[in-house]
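Keep in mind that the numbers below use all heavy atoms, side chains included, and drop hydrogens, waters and symmetry copies. All chains are named by letter (A, B, ...) in the order of the sequence lines, taking the proteins before the strands, and each is independently numbered beginning at 1.
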Amino acid sequence: MLKIEDLHLSFGGIKALQGISFEAKPGEITGVIGPNGAGKTSLFNAISGFYKPDRGKVYFEGRDITDLSPDKRAELGLARTFQNIALFRGMTVLDNIKLGGHTRLKTNVWQALRYFGKAQKEELELRRDIEERVIDFLEIDHIRKYPITMLPYGLQKRVELGRALAMQPKVLMLDEPVAGMNREETADMARFILDVQEQFGTTILLVEHDMHMVMDICSHIVVLNFGQQIASGTPAEVSGNEDVIEAYLGAAA
Amino acid sequence: MINGNLKATYAADERVLNNSYKQAFVYGTMLALAFFAAFANEYMILIACKMGILLIAVVGVNILTGYTGLVSLGHGAFVALGAYTVTMLDNGLTGIIPNQFMFFVVVPIAIAVTALIGVLVGLPSLRVKGLYLAVATLAANFIVIFLIEQDAFAPWTGGVVGIDTPDANLLGWVLDTNREMFILISVVAFTSLLAAQNLIRTRVGRAFIAIRDRDYSAEILGISLLRYKLTSFALSAAYCGLAGAMFAFFYSRILPEQFELDLSLELVAALIVGGMGRTMGPVFGVMVIVMMPEVIKVFAAYFTGGDAASARYISPLQEIAFGLLLVFFLLKEPLGINHITDRILRAANRWPFARG
Ligand SMILES: Nc1ncnc2c1ncn2[C@@H]1O[C@H](COP(=O)(O)OP(=O)(O)O)[C@@H](O)[C@H]1O
Ligand SMILES: [Mg+2]
């Protein structure tokens with residue numbers, strides 16, 4: 001589904017990624033873990049098209065997308081959330097989520113200026129779809145008209161997931177979806193992620209700090225340390241790996 | 001519970017006039033405009049026409065600056081392009097196109113031309129933001145005025161001394177009085193405002209706001225910065241072109257100096273005073289910007305008893321007041337008059353319950 005091949009990326013002297021290769025299999029949850037500064041977010045930015053890799057390729061459904069701009073990748077069905085929430089703070093929850101439907105709508109400027117006709121039909125269809133498939137699903141009915149700034153952190157994370165879901169993505173990338181959450185919020189989020197996989201069959205790529213959650217919900221795990229891929233495999237394989245234990249203990253020490 | 005806001009269907013919830021206050025306000029305004037057209041005196045009609053023309057342009061600037069977050073100090077150029085395109089085309093096509101159809105040919109062309117030039121002027125926005133973009137658009141303003149003033153083009157543009165403009169002719173109805181022009185301008189301004197509101201509540205407008213609020217986030221949702229920034233420039237320029245067309249039909253003569261930096265600044269100032277990125281912002285802003293100099297004139301005349309010698313103080317006074325007004329809003333009410341009306345409406349909505 002999403003295949004990364006020998007990805008290299010550096011910022012000046014810092015080698016953020018050094019030869020990352022793995023594949024996110026269709027309908028599965030793949031986890032990327034590693035200590036702070038390991039290069040997880042950089043990897044996401046390279047996959048979504050913000051950073052141009054020095055070397056290596058990104059394939060989406062077999063197609064080489066290494067040279068596509070972020071908006072083109074989104075159009076193909078690649079959605080993501082950010083480690084430090086990137087919602088539109090001036091808008092309501094509903095408008096934020098509606099933006100996720102952008103590429104599926106076809107209204108042009110001229111139709112938008114007139115509204116009645118095509119634009120209205122599309123907007124109402126979008127609204128219905130979002131209400132049923134996102135707002136009900138994520139249990140955020142009560143806050144749909146709230147401005148983002150009025151929401152607690154945990155709910156903001158959920159709205160950002162909602163915006164990504166509104167894209168009806170084929171591949172969903174989540175950058176630390178439970179960072180900063182309490183135990184209850186973390187459990188809720190883990191349940192939503194599993195529900196997305198189950199109900200929509202979405203391929204999920206997950207960056208997470210929280211080892212327990214990753215071990216619980218991922219079927220395949222890639223471990224990064226200082227920009228290098230030190231292990232990959234099933235949760236059982238990875239948690240038994242010497243290098244991984246070393247990296248995590250080393251980071252904790 | 002906030003009264004009047006319960007909705008049974010999504011369609012009802014997605015309406016522009018989604019509560020009874022807004023409905024009452026809009027229908028009331030339409031009625032008031034009709035009465036105004038019938039009974040207002042010549043002076044009031046003149047002021048209202050000025051407001052209407054400026055409003056069309058400010059609605060355009062609001063799309064670019066208020067909603068897309070791109071600053072322009074050059075939109076006076078598009079008003080000039082609209083006014084001059086209409087005038088030059090009307091002159092050039094006389095005899096080729098029957099007079100009663102002229103309006104419906106030259107106005108769309110003027111809009112298209114300004115939209116196209118808008119795209120060109122918007123190109124720097126793909127690389128620079130903020131102050132740098134403001135300077136780039138400022139340069140566009142200078143270039144357009146410079147070209148209009150060139151002697152080489154004077155046979156068509158009239159050069160520095162300006163050029164006489166045609167009257168609007170709608171299928172044989174010649175709008176040769178200000179009162180008739182007021183009807184046209186109000187209809188065009190109202191339609192412009194409604195169209196902008198439609199834009200903002202649909203896909204295209206949301207994309208603009210997304211770019212304003214967080215451009216990289218917009219990109220990962222599939223919004224092409226290139227396409228939407230240029231679209232925003234084209235649209236805002238087209239609105240200004242339309243305003244320019246009205247300007248040409250309204251005044252009997254146009255001069256290049258009417259479209260210089262002063263006008264560009266006035267457009268932005270009206271937006272700041274009224275409220276950026278809000279539907280009614282341009283309306284409030286334009287009212288204040290157009291009324292203020294008039295009010296000062298009236299007061300000055302009252303205090304000096306109409307003394308001709310002191311009349312020369314009026315113009316600098318107006319400019320100082322303009323500056324003070326801007327400073328006041330930037331410091332005290334940066335979200336503009338629209339924000340003040342929001343607070344009043346919110347209080348009215350909750351009455352007689354607690355204030356909030
Ligand atoms: N835009 C950037 N410019 C310079 N260095 C960066 C940039 N983004 C990330 N880095 C560096 O790349 C390394 C990996 O960072 P990051 O991908 O954010 O790690 P993680 O998400 O795993 O915590 C860090 O050393 C970080 O300082
Ligand atoms: Mg990170």
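- Within the 4.5 Å cutoff, no side-chain heavy atoms of A:Phe88 are placed close to those of B:Arg212.
- Of all the heavy atoms in B:Gly222 and A:Ala74, the pair that sits closest is N-CB, 3.4 Å.
- In this structure, chain B has no heavy atom under 4.5 Å from any part of A:Leu76.
- The heavy-atom pair separating A:Met91 from B:Ile209 by the smallest distance is CE-CG2, 3.2 Å.
- Residues B:Arg206 and A:Leu126 come closest through the heavy atom pair NH2-CD2, 3.6 Å.
- Contact detail for B:Thr202 and A:Ala119: the closest heavy-atom pair is CG2-CB, 4.2 Å.
- Shown here is B:Tyr216, whose OH atom has more than 12 heavy atoms of other residues, nucleotides or ligands within 6.0 Å.
- In this structure, the portions of A:Arg89 lying under 4.5 Å from any heavy atom of chain B include both its backbone and its side chain.
- Remark: A:Arg144 does not engage B:Asp13 in a salt bridge, criterion side-chain N to carboxylate O under 4.0 Å.
- Looking at B:Arg203 and A:Lys98, their side chains never come closer than 4.5 Å, going by heavy atoms from C-beta outward.
- Here the shortest heavy-atom pairing between A:Ala86 and B:Ser217 reads O-OG, 2.5 Å.
- Enclosure of atom NZ in B:Lys332 is not indicated, since only 12 or fewer non-hydrogen atoms of other residues, nucleotides or ligands lie within 6.0 angstrom.
- The environment of OH in A:Tyr146 is sparse: at most 12 heavy-atom neighbours from other residues, nucleotides or ligands sit within 6.0 Å.
- For A:Arg73, no part lies near chain B; criterion is any non-hydrogen pair under 4.5 Å.
- Counting heavy-atom pairs under 4.5 Å between each of A:Arg163, A:Arg114, A:Arg80 and chain B puts A:Arg163 at the top.
- In this structure the side chain of A:Val109 reaches within 4.5 angstrom of the side chain of B:Thr231, judged on heavy atoms.
- B:Val204 is not listed as a side-chain neighbour of A:Asn108, based on a closest heavy-atom distance of 4.5 Å or more.
- Side-chain contact between B:Arg201 and A:Glu123 is absent, with no heavy atoms from C-beta onward closer than 4.5 Å.
- In this structure, the portion of B:Leu235 lying under 4.5 Å from any heavy atom of chain A is its side chain and not its backbone.
- To the nearest 0.5 Å, atom CG of residue B:Asn198 and atom CG of residue A:Leu113 are 7.5 Å apart.
- Comparing B:Leu199, B:Asp213, B:Leu221 by heavy-atom pairs within less than 4.5 Å of chain A, the highest count is held by B:Leu221.
- If you take OH on A:Tyr115 and CD on B:Glu14, they are separated by 5.5 Å, rounding to the nearest 0.5 Å.
- At a threshold of 4.5 Å between non-hydrogen side-chain atoms, the residues A:Glu75 and B:Ser224 do not count as touching.
- Neither the backbone nor the side chain of B:Phe208 comes within contact range of chain A; no heavy atom of the residue lies under 4.5 Å from a heavy atom of that chain.
- Residues B:Tyr10 and A:Ile130 have side chains not in contact (no heavy-atom distance under 4.5 Å, counting atoms from C-beta outward).
- Residues A:Phe50 and B:Ile220 have side chains in contact (heavy-atom distance under 4.5 Å, counting atoms from C-beta outward).
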